[in-house]
There are 2 protein chains.
Amino acid sequence: MARAAASKTQTRIQREKTEAILAAALDVFSTYGFRGSTIDQIAKQAGLSKPNLLYYFDSKEAIHSLLLERLLDTWLEPLKKLDPAANDPVKEIIAYVHRKLEMACDYPRESRLFANEILQGAPRIMEQITGPLKDLVDEKAAVIEGWAKQGKIAPVHPYHLIFSIWATTQHYADFDTQVSAILGARSETCFEDACDYLTTMFTKLLRP
Amino acid sequence: MARAAASKTQTRIQREKTEAILAAALDVFSTYGFRGSTIDQIAKQAGLSKPNLLYYFDSKEAIHSLLLERLLDTWLEPLKKLDPAANDPVKEIIAYVHRKLEMACDYPRESRLFANEILQGAPRIMEQITGPLKDLVDEKAAVIEGWAKQGKIAPVHPYHLIFSIWATTQHYADFDTQVSAILGARSETCFEDACDYLTTMFTKLLRP
DNA sequence: GTCTATAAGGTGATAGAC
DNA sequence: GTCTATCACCTTATAGAC
């Protein structure tokens, strides 16, 4: 892992610098992907020299790995919260859409970091996809299918429902450049409009 | 631009090699993005030496530019076909969804090339976004809004409708790695299932 | 802890023989 | 047209002074 970062007894300054590096790295990696990013760029943005950055992290890959590791917990949380015992399944799924859209709005760089990794074939994250992520999706897909069988929501392919929620919400983070360019002045209300639109779409889809 | 590629009188072999280079470049660029890709990789995959590749194209950027240039025509086509005079606007929009999904299925590398470029802030394609693409979207959004006002489709935010169509269809190309990993054996019927699912979703959304 | 200097290898592009 | 050889530069990472 890292030299200083691995130490359990970090000073405040060490923690601050580690976080500054991670923040800068998130910026750079989320934009250019792993191979397209350079340590120089990250160091410069974090306000350190390159060797100094490499004092805190052993390698470029170590920074990237830590970012991805941290990301996945955050990433799975909204879906984890989907409650199988919910009274109103339609509302429960809509609430999930809202959580996911909020994440795209508040953490667009995290979304792009993930998108970049998947786009490149997920070489550094495949185990997490086929492991924890797939398990969670399988579990929640079964919940959704159960709701459908009970007639609490309209019959719907649970996996593609989840994919469509991911796609439509993350789109606003990953393709923000395009969305903003096309909306122009309308960009200002983009997220509220998106929230309204997606609420309507998924409500109409799911209402039994 | 290119040396041999710029010549108007190419031999058959020259054309073939140019196309081989472009095919290999599409593979590599769509996976790693511009900065993450190397000429070496492209040359190797095309079956040429690096200097030989650079005999056909002046630079790495020249190849990338030509790919993007070619892409945009194909990319805009499905939306261009949306007919303002269509009898059944719901069907017309659903047909657009189908064309878009088919493109994601048949040309996933093109979709990922585009995604990579947007994700990186569209540095080499911004003019096309704010120009031809925005113009086309503005035009078609007006058509959709017209249909809504006439009561031919349900009232809906036209721009976010278009974004949601892009997001849901391109997702199957751009996030294919993730989709396949999660679906496992179900991947075999992925596109048929997606087609059914998206048809249902957008029909329910749009039916007046 | 942070710096300068530098090693070691990769990368875009060119020169010149064939 | 295609190759080998090579240049100039960039990038990751380390060594060692302070």
Side-chain angles (χ1 to χ4, degrees), chain A residues 1-22 24-29 31-68 116 120 123-124, chain B residues 1-22 24-29 31-68 116 120 123-124:
Chain A
M1 259 221 64
R3 272 172 286 241
S7 162
K8 308 250 174 181
T9 55
Q10 281 186 34
T11 68
R12 186 180 56 83
I13 286 183
Q14 280 173 335
R15 263 194 306 273
E16 278 174 11
K17 294 222 169 175
T18 304
E19 289 309 316
I21 292 167
L22 286 170
L26 178 59
D27 242 41
V28 177
F29 281 138
T31 304
Y32 298 106
F34 181 75
R35 288 178 48 171
S37 302
T38 71
I39 291 185
D40 243 346
Q41 246 181 312
I42 298 168
K44 204 170 186 178
Q45 196 159 328
L48 298 90
S49 66
K50 188 162 49 171
N52 197 4
L53 181 150
L54 287 164
Y55 167 80
Y56 287 96
F57 288 91
D58 271 354
S59 67
K60 180 181 172 181
E61 193 142 4
I63 309 174
H64 194 254
S65 294
L66 187 55
L67 279 177
L68 280 181
N116 250 312
Q120 299 183 14
R124 283 166 287 271
Chain B
M1 260 222 66
R3 274 172 283 242
S7 161
K8 308 251 173 178
T9 56
Q10 281 185 37
T11 66
R12 185 179 56 84
I13 286 182
Q14 280 174 332
R15 262 195 306 273
E16 278 174 11
K17 295 221 168 175
T18 305
E19 290 308 315
I21 292 167
L22 286 170
L26 178 58
D27 243 41
V28 176
F29 281 137
T31 303
Y32 298 106
F34 181 75
R35 288 179 47 170
S37 303
T38 69
I39 293 185
D40 245 346
Q41 243 182 314
I42 298 168
K44 205 171 186 177
Q45 195 158 329
L48 298 88
S49 65
K50 188 163 53 169
N52 196 4
L53 180 150
L54 287 164
Y55 167 78
Y56 287 96
F57 288 91
D58 272 354
S59 68
K60 181 181 171 181
E61 193 142 2
I63 309 174
H64 194 254
S65 294
L66 189 54
L67 279 177
L68 280 182
N116 250 311
Q120 299 183 14
R124 283 167 288 271

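Here is how names work: the chains are called A, B, and so on, in the same order as the sequence lines, proteins then strands, and each is numbered from 1. Keep in mind that the numbers below use all heavy atoms, side chains included, and drop hydrogens, waters and symmetry copies.
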Using whole Å, what does the distance between atom [atom2] of nucleotide [N] and atom [atom1] of [X] come to?
X       : N      : atom1 : atom2 : result
A:Gln41 : D:dA13 : CD    : P     : 15 Å
B:Phe29 : C:dG12 : CZ    : C1'   : 12 Å
A:His64 : D:dA13 : NE2   : P     : 13 Å
B:Asn52 : C:dC18 : CG    : C1'   : 14 Å
B:Tyr32 : C:dG12 : OH    : P     : 14 Å
B:Leu48 : D:dC3  : CG    : C1'   : 12 Å

Query raised in the report: Taking only residues two or more places apart in sequence, or in another chain, which ones meet A:Arg124 in a salt bridge (Lys or Arg N to Asp or Glu O under 4.0 Å)?
Result: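 A:Arg124 satisfies salt bridge (Lys or Arg N to Asp or Glu O under 4.0 Å) with A:Glu117 once adjacent residues are dropped.
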
Query raised in the report: Mind checking what makes salt bridge (Lys or Arg N to Asp or Glu O under 4.0 Å) contact with B:Glu19, not counting sequence neighbours?
Result: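 Listed in chain order: B:Arg70.
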
Report summary line: Regarding the side chain of B:Lys17, the nearest nucleotide among C:dT2, D:dC3, D:dT2 is D:dT2

Query raised in the report: Just by protein heavy atoms under 4.0 Å, how would nucleotides 5-12 of chain D read 5' to 3' in B, S and -?
Result: B-----SB

Report summary line: With sequence neighbours left out, the residues meeting ring pair (Phe, Tyr, Trp, His ring centres under 6.0 Å) with B:Phe34 are B:Phe29, B:His64

All N/O donor-acceptor pairs, side-chain side in residues 43-50 of chain B, below 3.5 Å, sequence neighbours left out:
{"unit_1": "B:Gln45", "atom_1": "NE2", "unit_2": "B:Asp27", "atom_2": "OD2", "d": "2.6"}
{"unit_1": "B:Ser49", "atom_1": "OG", "unit_2": "B:Asn52", "atom_2": "N", "d": "3.3"}

**Report entry** C:dT2 OP1/OP2 closer than 4.0 Å to side-chain N/O of A:Ser49
**Finding:** no

Report summary line: Residues at least two apart in sequence or cross-chain that pass side-chain contact (heavy atoms from CB on, under 4.5 Å) with B:Thr31, listed by chain then number, are none

Report task. Identify, between A:Glu61 and B:Gly47, the residue whose nearest nucleotide on DNA chain D lies closer to the 5' end. Result ->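 Whichever sits nearer the 5' end wins; that is B:Gly47.
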
